[in-house]
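Proteins get letters first, then strands, A, B, ... in listed order; numbering begins at 1 in each.
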Amino acid sequence: MTAISQIRLLRCWGMNSNHQNHLSTHPFLKFSLSHLHSLAYTPEHTIQYQPQHHKTSENKDFYSLIKTCSSKTHLLQIHTQLIKNSLLQNPIISLNFLSNSLAHDLNYSSKIFTQIENPSPFQYNAMIKASSPSNGFNLFLEMQRKGVKIDALTASFVLKLCIKLKSLMGGLQIHSRILRNGFQSDNRLMTCLMDLYSNCGKCDEVCKVFDEMHVRDTVAWNALISCYIGNGRTRDALSVFDSMQGLPSGEEPDDVTCLLVLQACGNLNALDFGEKIHEYIYEKGYANALKIQNSLISMYSRCDSLEKAYGVFKVMPNKNVVSWGAMISGLAINGYGREALEAFNEMLNMGVSPDDKIFTGVLTACSHGRLVDEGLMFFKRMREEFQIVPNIHHYGCMVDLLARAGLLDKAYEFIMSMDIEPDPEIWRTLLGACRIHRDFDLGEHVIEKLVELKAQQAGDYVLLLNIYSSLGNWEKVMELRRFMKERGIVTTPGSSTISLKGELHEFVADDVSHPQKCEIYEKLGEINHQLKIVGYDAEVTSELHNQDAADKEISLLYHSEKLAIAFAILSTPPGTSIRVAKNFRICVDCHNFAKVLSGVYDRVVVIRDRTRFHHFCGGQCSCNDYW
DNA sequence: AGGCTCTGTG
C-alpha cells in the first residue's frame, strides 16, 4: 500500500485533519499497517463509510483492507457493509473476500461464492484455493463443465488439492490438462507437479518432469532433492547437491537446498557432508537463519555430534519452540534422557510454551532413558496441564516406553485403551519389543493384528523370523519363510552407510559392488576369527544360514553393518572411532558382534539404527543391552 | 494471486 493510498484510505474512513498532519510528518514506510487498521476499523468509522461517494481508486484501498484484514470481528463488519452497499457482485471485492482465509473460516466464502452469478476464472481460483480438497476438486470439475477458462494457477491449486487427497489419478488428469493447455513452461506449476508425484511415491515421474523442464531453477532442483528424501533415496539427494555445483545456468544451492540436504545428512549419519554444508551456509550468509540453525541442531545430533548440536543451540540469540524441540529430541536419541527433561524444564522457565511436538521429544527421552514413571507422568501432564490432546506419535512413544522396559502386557493394554485407532506403526513398535524380549506368543498375535489391518510388511515378518530364530525354533522359521515365499513377500535390503573422508559408502546385505569387496570379506573373516577367540558366538546366524541356504537374502540382512565395520577397520588407523548408520533395526547378532569388537579392536563403535544410537566401547554397550 | 523449506513415535 502506498503512502498516498494510506492517506486516501484514512480520508475515506473519516479521519480528522489532525491525524493527517500527524501522519504526514512521519515517513510513511514506518507507519504500521496494523495501526492504520485499528484506527480504521472502529465501529463509528465503519458507519461513516459511504462507498457510493468513492471513486474507483478509493475502492482499491478497500480491496486491500479486505485482503489484509486479520480479525474476524472486523471482517464481519466489512461483510455487513458489503451487503448493505451491494458490493458483493463487484468482482474484485468478492475475489478479495474469497481470498481471505478468515472468510473461509467463517464459512463466508462459500456463501458469497454461491451468490455470484457467473463466477470469473479468478473467483473460481480463489475459491478452489480456500476450499477443502474434495469441494475444490468438484469446483474444478464444474469449471470444466461450464467451459470456464482454466489457467496455470487453477492447475497449481488443484494439484495442491490432489496432494492433500493423495490422488494420483486426479494429478494425472491435471498433468494431461497442463500438456493440452501448453503450461509446460510454467516452472511454479511444474514444481507443483513434481511435488505431487513425489507425494505419490512416483520418483521416476518426478525425474521425468524435471528432465523435461526447459529452465531448471533452484526451486525445481530443491523439489527433486525433496523427492529423493521423501522416497528413501537419501544418497541420491546428496549427489544432487554435488550436481548443483557450477551449473551452466548459474543456479546455486540456496537456503532451502541447505535445509533439505541437512535433513539428508542426518538420515545417513553423514557428518562430513553435513559439515561441508555448514561451511557452505557460512559462505552464503545463511548462518543466522532460524530454520537453518534448527536444521543444524537436528543434523548434528543425528550424526552423533551432540556437542556440535549444542554448540549451535547455545549461541542462538533467538530460540523458538522448534529449536528447543530439536535440542530435546537430540538429547533424547543420544541417550541423554535426564538432560532432555532438564532442557524441557529450562524451556518452560524461558517462557516458551510447549507444543505437541515438544512432548513427542519429551516422551522419546523417557523411552530412551528407560524413565517409565516419568513418561507416564509427562503423558498425564501433557493433557492436564498443557491441554494437548495426545496424537499417534505420543501413543507410539508410550507403547515404546512400556514395551522396551519389558512391560509388554501393559503396552498391549495401553494400545487397547487408546482413544484413536492404533496404526500399523504402533503394532510394529510392540512387535519390535517382542523381539527384544523374545515373546513370540504376543509377537504372533501382533502379526495377526497387522494382517487384519492389511498392513503387513516384509520387515514385520523379518522381525518375527528374528524372534523364532533367537529362540531356536527352526520349524517356525521354515514355516514362516515358506509362507513369505508363497505370498511373494519381498524383503527390502537392509543397508548400512559409513562416511569416510567425505565419501559415503553404502553396504547392502548381498553387496558385491564395492571396489574393495575382496579385502573387505577377507577382513571380515579375520575379525570373525579374532572375536570367536574371546567368546563371540555367531551360532544363531550361522544356523539360520544352514536351515535354508537357498534363501540367503533374509539371513544376509544381518550382515550389512558387519561389512561396513570391516571396511572401516580396513580403511582407518587404529583407534579411530567407527560410525555406521543402518536403515532398519540392528539385529541381535550384529549388536553382539559390535560389542565384542569394540573391546578386541579397541575401537569406539557407534551404530545408529532406525530407532536409536548404540554406543560400543571396551566390549560394553552403553545401553546395557536395553534397546 | 501460485512452487521447494525447521523440531517429531518406530
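Candidate nucleotides B:dA1, B:dG2, B:dG8 were compared by shortest atom distance to the side chain of A:R188, and B:dG2 ranks first. Listed candidates were B:dG2, B:dG10, B:dC4. Nearest to the side chain of A:K129 is B:dG2. Nearest to the side-chain atoms of A:N320 among the listed nucleotides B:dC6, B:dA1, B:dG2 stands B:dC6. In this structure, of B:dG3, B:dC6, B:dG10, it is B:dC6 that holds the atom nearest to the side chain of A:V322. Closest to the side chain of A:S298, from the set B:dG8, B:dG2, B:dC4, is B:dG8. With B:dT7, B:dG2, B:dG3 as the candidates, the nucleotide lying closest to the side chain of A:L153 is B:dG2. The A:N222 side chain lies nearest to B:dC4 when the options are B:dT7, B:dG2, B:dC4. Checking B:dC6, B:dG2, B:dG10 against the side-chain heavy atoms of A:S295 singles out B:dC6 as nearest.
Nucleic acid contact class of A:F122 (heavy atoms, under 4.0 Å, all strands): base. Residue A:I297 is out of contact with every strand shown, counting any heavy-atom pair closer than 4.0 Å. Within 4.0 Å of A:D217, counting heavy atoms only, lies at least one base atom of the nucleic acid. In this structure, A:D356 reaches neither bases nor backbone, as no heavy-atom distance under 4.0 Å exists between it and the strands shown. Nucleic acid contact class of A:T360 (heavy atoms, under 4.0 Å, all strands): sugar-phosphate only. Counting non-hydrogen atoms under 4.0 angstrom, A:A152 reaches a base of the nucleic acid.
Counting to the nearest Å, the P atom of B:dT9 and the CG atom of A:D400 are 10 Å from each other. Protein atom CG of A:N199 is 8 Å distant from nucleotide atom P of B:dT5, rounded to whole Å. The CD1 atom of A:I178 sits 12 Å away from the C1' atom of B:dG2 (whole-angstrom rounding). Here B:dG8 presents its C1' atom at 14 Å from CE of A:M347, a figure rounded to the nearest Å. Atom pair A:L193:CG and B:dG2:C1' shows a separation of 14 Å (rounding to whole Å applied). Atom CG of A:D355 and atom C1' of B:dG8 are 9 Å apart (whole Å). Protein atom CD1 of A:I229 is 9 Å distant from nucleotide atom P of B:dC6, rounded to whole Å. The distance between atom CG of A:D195 and atom C1' of B:dG2, rounded to the nearest whole Å, is 13 Å.
With sequence neighbours left out, A:D242 forms a salt bridge (charged side-chain N to carboxylate O under 4.0 Å, His left out) with A:K276.
Shown are A:V209, A:L159, A:I150; of these, the side chain to side chain contact (heavy atoms under 4.5 Å, CB included) with A:I178 is made only by A:L159. Evaluated for a ring-ring contact (aromatic ring centres under 6.0 Å, His included) with A:Y124, the options A:F113, A:F140, A:F157 yield exactly one hit, A:F113.
At a non-hydrogen distance threshold of 4.0 Å, A:A326, A:S329 from residues 326-333 of chain A come into contact with DNA chain B. Within residues 250-261 of chain A, the residues that place at least one heavy atom under 4.0 Å from DNA chain B are, in residue-number order, A:V256, A:L259, A:L260.
Note: A:H278 and A:Y300 meet the aromatic proximity criterion, with ring centroids under 6.0 Å apart. For A:W221 and A:F210, the ring centers are positioned less than 6.0 Å apart. For an aromatic pair to be called close, the ring centres must be under 6.0 Å apart, and A:F359 with A:F344 satisfies this. Taking the six-membered ring for Trp and the full ring otherwise, A:Y336 and A:Y310 have centroids separated by 6.0 Å or more.
Dashed line: the shortest gap from a side-chain N or O of A:K160 to OP1 or OP2 of B:dC4 is under 4.0 Å. Proximity of A:S226 to the phosphate of B:dT5: a side-chain N or O atom is located under 4.0 Å from OP1 or OP2. Between A:H368 and the phosphate of B:dG10, there is a side-chain N or O to OP1/OP2 separation shorter than 4.0 Å.
In the model, A:R302 has a side-chain atom that pairs as donor or acceptor with a side-chain atom of A:N267 under 3.5 Å. Side-chain atoms of A:D151 and A:N181 include no donor-acceptor pair closer than 3.5 Å.
In this structure, A:E413 does not pair ionically with A:K410, as no charged nitrogen and carboxylate oxygen lie closer than 4.0 Å.
Side-chain atoms of A:S323 come within 3.5 Å of backbone N or O of A:N320 as a donor-acceptor pair.
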